[in-house]
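This structure is in structure tokens; I'll ask about it shortly.
Just so you know, ligand 1 is whichever comes first in the structure, and atom 1 is the first atom listed for that ligand. Predicted model, so just to flag it, every value in this text is computed and none were measured. FYI, side chains are in, hydrogens and waters are out, and symmetry mates aren't considered; it's all heavy atoms of this structure.
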Amino acid sequence: MEKRTRVLVTGGAGFIGSHLCERLLNDGYEVICMDNLFTGQKDNIRHLLNNPYFEFIRKDVLEDINVECDQIYNLACPASPIHYQYDPIKTIKTSFIGALNVLGLAKRCNARVLQASTSEVYGDPEVHPQPESYWGHVNPDGIRSCYDEGKRAAETLFFDYHRQHGVNIKVVRIFNTYGPNMRGDDGRVVSNFIVQALKGEDITIYGDGKQTRSFCYVDDLVDALIRMMNSRVDFTGPVNLGNPGEFTMLELAEKVIKLTNSSSKIVFKPLPQDDPTQRKPVIDLAKKELDWEPTINLEEGLKRTIKYFKKELKN
Ligand code: NAD
Ligand code: UDP
């Protein structure tokens, strides 16, 4: 019998990780999902637990990792501002020491390793839209720094392991991604607005709502992650992954209200410190190297996500 490629997904019980595990199993991989369940949920992977090619290990990436594998997707890290700011010291440790641990494992197993980096490495960007060549505009001392600088240092470590030890790395910079399996209390804008709209509560816009983001539906993102992992060996990235459609938070709120047919009113709350004013990826590199571009527009993605949350709120 042909041996299946064995894949470790750290953070596999989280929002993106759970979709990735499911897609990998469907594609014929063997999957080890490692997660400390800080923001992830067992419910996200419950339907996979009986699959003989799936294994769940409850473990922190700060601990030694002792598994044999051919590929590693390093997703372990809280991604929502409220969660990564809850214990900022732990967040920066998770980014950096987590990266160190998966890189050590990749070196020992001769595995490919993909780092889930982020558009946050561009900070509050002064170049718009953002190409990979832009070095960013990041506050090293603010409330977002544990995440932004943690992810920047992790990228550095990835490239140093590549240059110094020849580890086969893949670095992706993920822009705002949304979809089913986000937590209702995740705190990120898409889940907040949908849950508020479905409950008939006020929709909370931070600041004047003119700040922009570009939202990618999770299925598109997962497809890109797998393409990147299996791309030609000398293509390391960093590569931007996201949907270039750009929307203000006011536009997003109005879309969510319309699609949920909600009676919710928009209210304005203070803008958190260092909240980026604009964000939109240049994805020419992903198009060229991965033959990838998003296929699901915001309206369609929101409809699917609203359907998910309607079901969740009934339970
Ligand atoms: P998420 O919070 O749903 O998932 C993160 C997962 O990592 C959770 O299951 C959590 O329990 C786990 N985790 C956290 N700390 C851990 C630790 N120390 N040890 C083991 N597991 C740990 O968030 P997500 O949106 O699915 O994000 C996944 C990855 O993608 C993160 O690395 C994030 O930085 C990156 N990313 C996400 C987005 C986005 O818009 N969703 C954008 C940019 C980058
Ligand atoms: N935001 C908002 N209301 C909310 C949650 C977030 O207006 O209830 C804003 C937030 O200030 C930011 C944008 O939406 O400008 C995206 O926030 P999110 O936390 O989803 O992602 P990030 O800021 O990390 O891109």
Side-chain angles (χ1 to χ4, degrees), residues 9-21 33-42 44-45 57-63 65 73-85 87 90-91 93-95 97-99 101-102 114-122 124 144 147-148 150-151 154 172-179 181-183 186-196 201-216 218 221-222 225 240-242 247-250 252-253 256 266-279 281:
V9 181
T10 75
F15 157 52
I16 296 175
S18 55
H19 288 274
L20 177 62
C21 288
C33 164
M34 211 189 86
D35 201 298
N36 70 352
L37 299 182
F38 172 46
T39 51
Q41 316 181 83
K42 239 178 167 186
N44 286 343
I45 50 163
I57 306 173
R58 184 168 185 163
K59 194 177 164 95
D60 202 294
V61 274
L62 298 182
E63 294 165 29
I65 312 171
Y73 291 84
N74 187 35
L75 271 57
C77 186
S80 158
I82 56 164
H83 290 127
Y84 71 66
Q85 288 163 20
D87 184 350
K90 169 92 185 196
T91 299
K93 280 171 80 176
T94 294
S95 257
I97 300 174
N101 284 342
V102 295
L114 179 146
Q115 168 66 359
S117 191
T118 167
S119 52
E120 285 283 321
V121 300
Y122 301 122
D124 189 4
R144 293 177 89 99
Y147 184 74
D148 299 7
K151 290 283 188 179
V172 297
R173 293 182 178 154
I174 302 171
F175 283 63
N176 296 62
T177 299
Y178 69 99
N181 294 5
M182 291 183 99
R183 290 165 54 140
D186 180 86
R188 282 179 280 187
V189 69
V190 174
S191 45
N192 268 12
F193 285 4
I194 291 178
V195 170
Q196 289 163 343
E201 293 171 357
D202 289 344
I203 307 263
T204 54
I205 288 191
Y206 303 159
D208 61 10
K210 290 185 184 141
Q211 71 270 39
T212 67
R213 293 292 186 274
S214 301
F215 298 102
C216 186
V218 65
L221 194 266
V222 164
L225 293 179
N240 287 340
L241 300 180
F247 298 89
T248 65
M249 295 313 101
L250 265 172
L252 178 69
V256 169
I266 291 175
V267 296
F268 294 89
K269 301 263 182 188
L271 187 69
Q273 186 199 356
D274 294 338
D275 199 283
T277 40
Q278 50 184 1
R279 185 181 285 158

One line per pair, note the atom names and distance for all nitrogen or oxygen contacts under 3.5 Å between ligand 2 and the protein.
from	atom 1	to	atom 2	distance (Å)
ligand 2	3 (N)	T204	O	2.6
ligand 2	7 (O)	Y206	N	2.8
ligand 2	8 (O)	N192	ND2	2.8
ligand 2	8 (O)	T204	O	3.2
ligand 2	8 (O)	T204	OG1	3.0
ligand 2	8 (O)	Y206	OH	3.4
ligand 2	11 (O)	D275	OD2	2.7
ligand 2	15 (O)	Q211	NE2	3.0
ligand 2	15 (O)	R213	NH2	3.3
ligand 2	15 (O)	D275	OD1	2.5
ligand 2	15 (O)	D275	OD2	3.4
ligand 2	20 (O)	V189	N	2.8
ligand 2	21 (O)	N176	ND2	3.4
ligand 2	23 (O)	R144	NH2	3.0
ligand 2	23 (O)	R213	NH2	3.1
ligand 2	24 (O)	R144	NH2	3.0
ligand 2	25 (O)	N176	ND2	2.9
ligand 2	25 (O)	R213	NE	2.8
ligand 2	25 (O)	R279	NH1	2.7

- prompt: Which atom pair, heavy atoms only, marks the closest approach of V218 to T177?
  reply: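 Smallest interatomic distance, heavy atoms only, reads CA-CG2, 3.8 Å.
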Which pairs of nitrogen or oxygen atoms, taken one from ligand 1 and one from the protein, are under 3.5 angstrom apart?
from	atom 1	to	atom 2	distance (Å)
ligand 1	2 (O)	T39	OG1	2.6
ligand 1	3 (O)	F15	N	2.9
ligand 1	7 (O)	C77	N	3.4
ligand 1	9 (O)	G14	N	3.0
ligand 1	9 (O)	D35	OD1	3.2
ligand 1	9 (O)	D35	OD2	2.5
ligand 1	9 (O)	G40	N	3.2
ligand 1	11 (O)	D35	OD1	2.7
ligand 1	11 (O)	N36	OD1	3.4
ligand 1	11 (O)	F38	N	3.0
ligand 1	11 (O)	T39	N	3.0
ligand 1	11 (O)	G40	N	2.9
ligand 1	13 (N)	N36	OD1	3.4
ligand 1	18 (N)	D60	OD1	2.9
ligand 1	18 (N)	T94	OG1	3.3
ligand 1	19 (N)	V61	N	2.9
ligand 1	21 (N)	N36	N	3.2
ligand 1	21 (N)	N36	OD1	3.3
ligand 1	25 (O)	R188	NH1	3.0
ligand 1	25 (O)	R188	NH2	3.1
ligand 1	26 (O)	F15	N	3.3
ligand 1	26 (O)	I16	N	2.8
ligand 1	32 (O)	L75	O	2.9
ligand 1	32 (O)	K151	NZ	2.8
ligand 1	34 (O)	Y147	OH	2.6
ligand 1	34 (O)	K151	NZ	2.9
ligand 1	40 (O)	T177	N	2.8
ligand 1	41 (N)	R188	NH1	2.9

query: Closest approach of L271 and Q211, non-hydrogen atoms and distance?
result: CD1-NE2, 3.7 Å
- request: Write down the atom of I97, the atom of L62, and the distance for their closest heavy-atom approach.
  value: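 Heavy atoms only, the tightest pair is CB-CD2, 3.7 Å.
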field: Shortest non-hydrogen separation from D186 to S191 and the atoms involved
entry: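 Shortest heavy-atom contact: CB-OG, 3.8 Å.
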task: Locate the shortest heavy-atom distance separating T91 from P78; write the atom from each residue and the value.
output: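 Answer, listing the atom of T91 first, then P78: OG1-CG, 4.1 Å.
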message: If you compare all heavy atoms of I205 against all heavy atoms of F193, which two are closest, and at what distance to 0.1 Å?
response: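 Nearest pair, atom of I205 first, then F193: CG1-CZ, 3.9 Å.
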message: Strictly distance-based, threshold 3.5 Å: is any side-chain N or O of N44 a donor or acceptor partner for the main-chain N or O of A13?
response: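 A pair under 3.5 Å: yes.
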- request: Apply salt bridge (charged side-chain N to carboxylate O under 4.0 Å, His left out) to the pair E120 and K151, showing each step before the final yes or no.
  value: CA-CA 8 Å; E120 285 283 321; K151 290 283 188 179; over 6 Å; no
Y178 and F215 aromatic ring geometry - parallel, tilted or perpendicular at 30°/60° bounds: perpendicular
